[in-house]
Amino acid sequence: MAQIRFNALNALMSRQPVNVAQPAKKTSEYFAENVFDQQNMREYLSAEAYDTVKDAIDNGARIPRKFADQVSSGMKAWAISKGVTHYTHWFHPLTGSTAEKHDAFFEPTGTGGVIESFEGAKLVQQEPDASSFPSGGLRNTFEARGYTAWDPSSPAFIFDRTLCIPTIFVSYTGEALDYKTPLLKSLAVLNDAAVDICQYYDKNVSKVNATLGWEQEYFLVDSALYMARPDLMLTGRTLMGHASAKDQQLEDHYFGTIPGRASAFMRDFEIEGYKLGIPIKTRHNEVAPNQFECAPVYEEANLAVDHNMLLMDLMKKVARRHNFDVLFHEKPFKGVNGSGKHNNWSMATDTGVNLLSPGKNPKSNMQFLTFMVNTIKAVHEHADLLRASIVSGSNEHRLGASEAPPSIMSVFIGDYLTKVLDELEQRVTDKKMTPDEKTEIKLDIGRIPEILLDNTDRNRTSPFAFTGDRFEFRAVGSNANCAAPMTFLTLAVADQLKKFKVEVDKKIEAGVKKDEAIFQVLKKFIIASKPIRFEGNGYSEEWIKEAKKRKLTNVKETIKALESLVSVSTKKLCKTHNIFTERELEARHDIKVVHYTKKLQIESRVLGDLATNHIIPTVYKYQNQLIENVKGLKQVLDAKDFDQIASIQLQTIKEISGRIALIKIKVKNMVEERKKANAIDDIYEKARLYAEDVKPYLSEIRYHIDHLEMIVDNEIWPLPKYRELLFAR
Ligand code: ADP
Ligand code: MG
């Protein structure tokens, strides 16, 4: 067995960085060359067709059939000119990855030949056999049909010589079966709500987009080592492995020199990413050894989500060329940092204003404050839903592990803004304010820009932190599709903005001046959402106590946290804005719960197999060596010396026997618990049994294996060790 480990290490020793051919052109010259963007559309579409697509992108207008035909034939011509032979609808089913089914462009002519064809109907809508995608009961097998429908707001692109058309994915009866449908709906609601609010300050605003800049963390592991770790291959994380003597304690990896092979890989996927129009801007080493991060320039949220999913796929593919496997799991290694995907989020107007950026004059600062306070209020109101949008079995290992935000939702805004909100709270009154008072308050807000410019005060322990001109939702997992947290965050803020407007307008109607009305409602929201604001150390014990006092929820268990997807308030929120019906929410909840169970089932099976078939036989071998050794000692030593010298050996033999026995018993019990859970039909009860009765065995069994790793001869240990996985370059 150890053969595999040493073969892998040998393979690794001869690795060289792959030579990545830099394109002869400047990045700007080939950026988005594989995207059917506005420039390509101008070239390949009639002016009329171009205008219709543009209208669909900007205003969500429908594209008439006649133009769809024109667009599809333009797309086809463009794609074929680039050597493309196939096309596919590209969507985000609830599996968590992307889906595609390629069809060739050619059609038989009926007279023995073939021609290239791609009609508008095939661009606009397709009907993939969807019976194998998770639907949470939304689709009966006899109604297996699902529809994919073109999303013109995210441009088509060429990937692997295939024309990919981003689409939504819905059931025969119209229910969403994907991540994109609800995201697009929420973004539209936000646009509506935010444009209305902007009218208080600037009549020129006619469109507001949510913006998203994700920071993607990941680990790189050499493929040979990866293949020698069945747990990594099948579960994405290591289910065993004693800590390496050195890991991240010297803090020498973060922002360090990027190792040659990793850097070649990064350049390679960046070049491929640029061709796809993904504006990857930043790369650096992360905290843990062999952990890295990349981040693009932010984009409109729907496009940013598509780009993130595409890039993750691309990274996996490119990694193979470099003999790497990319780990997106939130916690692949025990004891070192896990990986997140910070979602930097803001809102931008079509007049070029970032609504979460303090402006240059009192008016724009009032606007900033309005969006700021409403966002805080939204997070307070829907904290449980936001948590539910980011939890998963794998993220569970990372959250609250003193390296990532805890399971308590809170908002960090920094000292200065705290002071501004506190003052507003005190100074705004329900009585008529004097012009002086108003001016004074506005002046205060007016100081925000200068203060924020040199405000380096960042809080890395907050799950939702203001970082100067955006919020950073830091609890999102590295493997997640950002669409879910973006959908609910956007929706919660939109809902808040609508409520805000209703209250302000009511006051204005009652004769209160606009300024004053806004101040008064802001004050009310500031007070109501105060408990969610926390500036201290989110990893500390005190915060847990303090949060409890403030009646903030702290839900560590995934299954429990997921319940908020179907809570009364979530159902109401989603129904009010026509994002999800109750049935759709319940379906989504069910899919998550079942997914959680299945993942645990797989982990438990893999661990059982590794313990029984890899570890125990190896340990027996070593134990036999010790026994032989003791027998030999007995022959060569006299009785007195033997008792003394062999006693240490015997202790080791006994410890090994004890741990083997415990591992065997625990594996057997774990299998029993699994059987019990598997016999249950109710998916929630089954998940609960898995979480409470099966899951604890994973760490208990691991505990003994990790101890054995420290005892057994290194030469025969079968699995690559942590030091090899984390430090092999
Ligand atoms: P840090 O590590 O300091 O948080 P990074 O530079 O790694 O910062 O990433 C910050 C991310 O935030 C980038 O993707 C950036 O484009 C994004 N970002 C900046 N401004 C906005 C904004 N207004 N809306 C959304 N994302 C933004
Ligand atoms: Mg960063």
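Ligands are counted one by one from 1 in listed order, and the atoms in each one are counted from 1 as well.
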Ligand-side contact atoms (ligand 1) for residue partner [X], heavy atom cut-off under 4.0 Å:
{"X": "Asn354", "result": "23 (N)"}
{"X": "Thr211", "result": "22 (C), 24 (N), 25 (C)"}
{"X": "Pro296", "result": "13 (C), 14 (O), 15 (C), 16 (O)"}
{"X": "Glu293", "result": "7 (O)"}
{"X": "Val297", "result": "16 (O)"}

Is it the case that over 12 heavy atoms from other parts of the model lie below 6.0 angstrom from the NZ atom of Lys281?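 12 or below, so no.
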
Is the NZ atom of Lys185 crowded by more than 12 outside heavy atoms at less than 6.0 Å?
->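 Counting neighbours around NZ of Lys185, more than 12 heavy atoms of other residues, nucleotides or ligands fall under 6.0 Å, so yes.
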
Tell me if the aromatic rings of [X] and [Y] count as close, with their centers under 6.0 Å from one another.
{"X": "Phe219", "Y": "Phe333", "value": "yes"}
{"X": "Phe473", "Y": "Trp345", "value": "no"}
{"X": "Trp90", "Y": "Phe157", "value": "yes"}

Verify the distance criterion only: is there a donor paired with an acceptor across the side chains of His92 and Asp306 at less than 3.5 Å?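 Looking only at side-chain atoms, Asp306 and His92 do form a donor-acceptor pair, the distance falling under 3.5 Å.
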
How about Ser478 and Glu217: does a side-chain donor come under 3.5 Å of a side-chain acceptor?
no

Regarding atom 8 (O) of ligand 1: of the candidates Lys281, His342, Arg470, which has the closest heavy atom?
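Closest candidate by heavy-atom distance is Arg470.
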
Inset, instruction - Using a 4.0 Å heavy-atom cut-off, say whether Glu472 meets ligand 1 through its side chain, its backbone, both or neither. - result: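 For Glu472, only side-chain atoms sit under 4.0 Å from ligand 1.
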
Polar contact flag for [X] and ligand 1 (N/O pairs, less than 3.5 Å):
{"X": "Asn344", "result": "yes"}
{"X": "Tyr298", "result": "yes"}
{"X": "Glu215", "result": "yes"}

